[in-house]
Amino acid sequence: MKNSTNAIKNKPLAYKCGVAWFSERPFFVNKNVLIPRFDTEVLVETVILNAPQKAKVLDLCTGSGCIAVILGLHDFIVTASDISRKALKVAKKNANLNDVKVDFMKSDLFAKINEKFDVIVSNPPYIKTEEIGAFDKTTLHEPRIALDGGGDGFNFYWRICNQAPRHLNDGGMLFVEICHKFADDIVNLFKANDFVDVSVVKDKQGLARVVYGRLRRCNIK
């Protein structure tokens with residue numbers, strides 16, 4: 001009984017209330033999705049400022065759908081995917097609550113993506129496996145699938161950067177949220193996969209939070 005009581009006591013407030021605020025809007029959340037962070041607002045703002053208006057956007061690892069919903073509210077044409085059916089259920093609810101059109105689909109990153117997009121955006125899992133819960137106890141209550149970036153935290157960045165060029169239109173753009181410790185390595189990863197004009201955006205604490213770039217080559221087959 002004591003363990004059960006402690007679990008309830010330590011449960012994140014957002015899960016207790018069923019709501020988290022993101023970009024000044026309330027989003028429904030539960031144990032099946034990562035709780036939206038202010039850090040991710042930097043990612044969304046960077047897309048809004050730098051992507052073409054009304055661009056066709058793919059949001060990978062959508063989770064609660066917070067990125068997809070806000071971009072949809074800014075007139076982007078958004079498709080959002082996630083490997084978790086339970087997460088997609090939450091994301092669809094948030095799209096309906098905000099009266100915004102987003103096309104949702106279940107996919108392990110690009111596995112079932114057959115279209116090309118002007119923009120790909122993602123806040124992928126990037127915490128090293130052994131560090132989950134070490135610095136932010138909230139993560140102990142969140143779905144591991146939304147956090148675990150593998151032994152070095154890079155699993156998803158490798159996959160996204162390697163595969164994104166095949167799913168981008170000419171001059172397409174890729175935006176990812178990062179751990180600030182990864183900034184230089186991810187910039188190099190972008191460049192190694194034919195992205196140019198690669199930039200790093202810092203958050204309010206002055207830490208690198210977003211990397212984005214534009215595809216150099218024409219459509220890759």
Side-chain angles (χ1 to χ4, degrees), residues 34 37 39-52 55-63 66-68 71 76 78-84 87 105-129 131-132 144-203 207-221:
L34 193 70
R37 265 61 164 192
D39 292 340
T40 305
E41 292 184 10
V42 180
L43 175 62
V44 174
E45 291 165 0
T46 302
V47 175
I48 292 170
L49 288 173
N50 293 279
K56 185 178 178 183
V57 177
L58 172 63
D59 173 27
L60 292 174
C61 309
T62 194
C66 61
I67 294 172
L71 292 180
F76 290 98
V78 185
T79 296
S81 70
D82 202 285
I83 195 172
S84 167
M105 64 183 301
K106 183 178 182 298
S107 180
D108 179 2
L109 293 184
F110 296 103
K112 295 184 179 180
I113 305 296
N114 299 313
E115 302 176 62
K116 289 183 181 288
F117 298 84
D118 304 311
V119 172
I120 295 174
V121 58
S122 185
N123 175 22
Y126 59 72
I127 298 179
K128 295 180 181 180
T129 303
E131 293 183 354
I132 295 175
R144 193 177 188 89
I145 195 173
L147 299 164
D148 194 343
D152 60 2
F154 257 71
N155 282 7
F156 286 84
Y157 294 116
W158 283 110
R159 294 173 64 191
I160 290 171
C161 288
N162 288 336
Q163 297 175 40
R166 296 180 179 84
H167 298 275
L168 283 169
N169 292 319
D170 290 351
M173 303 183 73
L174 175 63
F175 297 78
V176 295
E177 180 174 329
I178 66 167
C179 169
H180 65 93
K181 298 176 183 178
F182 297 165
D184 290 341
D185 289 331
I186 293 178
V187 166
N188 290 333
L189 187 58
F190 267 58
K191 292 178 178 179
N193 284 279
D194 293 309
F195 288 93
V196 296
D197 303 325
V198 181
S199 300
V200 177
V201 178
K202 295 182 179 180
D203 59 22
L207 300 176
R209 187 58 57 193
V210 172
V211 173
Y212 72 97
R214 187 181 307 277
L215 185 64
R216 181 204 307 270
R217 286 156 51 182
C218 292
N219 283 332
I220 297 175
K221 297 181 180 179

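The chain is numbered in sequence order, starting from 1.
A donor-acceptor pair under 3.5 Å links the side-chain atoms of Lys116 to the main chain of Arg166, judged by distance alone. Remark: side-chain polar atoms of Arg216 are not paired, donor with acceptor, to backbone N or O of Asp194 under 3.5 angstrom. With hydrogens and angles disregarded, a donor-acceptor distance shorter than 3.5 Å links the side chain of Asp118 to the backbone of Lys56.
Here Cys179 contributes atom SG and Arg209 contributes atom CZ; the two are 7.0 Å apart, rounded to the nearest 0.5 Å. Interatomic distance, Leu60 CG to His167 NE2, rounded to the nearest 0.5 Å: 9.0 Å. Between atom CE of residue Met105 and atom CG of residue Asn114 there is a gap of 7.0 Å, rounded to the nearest 0.5 Å.
Put simply, the side chain of Asn162 reaches to within 4.5 Å of the side chain of Asn193, judged on heavy atoms. Here the side chains of Phe110 and Ile120 are in contact, with some heavy-atom distance below 4.5 Å. Side-chain contact between Leu109 and Ser81 is absent, with no heavy-atom pair separated by less than 4.5 Å. Between Phe156 and Val176 the shortest side-chain heavy-atom distance does not fall below 4.5 Å.
Applying the side chain to side chain donor-acceptor pair (under 3.5 Å) rule to Thr46 yields no partners; only residues at least two apart in sequence or on another chain are considered. Here Phe76 pairs with nothing under the ring-ring contact (aromatic ring centres under 6.0 Å, His included) rule; sequence neighbours left out. Checked against ring-ring contact (aromatic ring centres under 6.0 Å, His included), Phe117 has no partners two or more places apart in sequence or in another chain.
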**Request:** Given side chain to side chain contact (heavy atoms under 4.5 Å, CB included), test Leu71 with Asp59 step by step and report yes or no.
**Result:** CA-CA 9 Å; Leu71 292 180; Asp59 173 27; 5.8 Å; no
**Request:** Show the numbers, then the answer: is there a side chain to side chain contact (heavy atoms under 4.5 Å, CB included) between His180 and Asp39?
**Result:** CA-CA 11 Å; His180 65 93; Asp39 292 340; over 6 Å; no
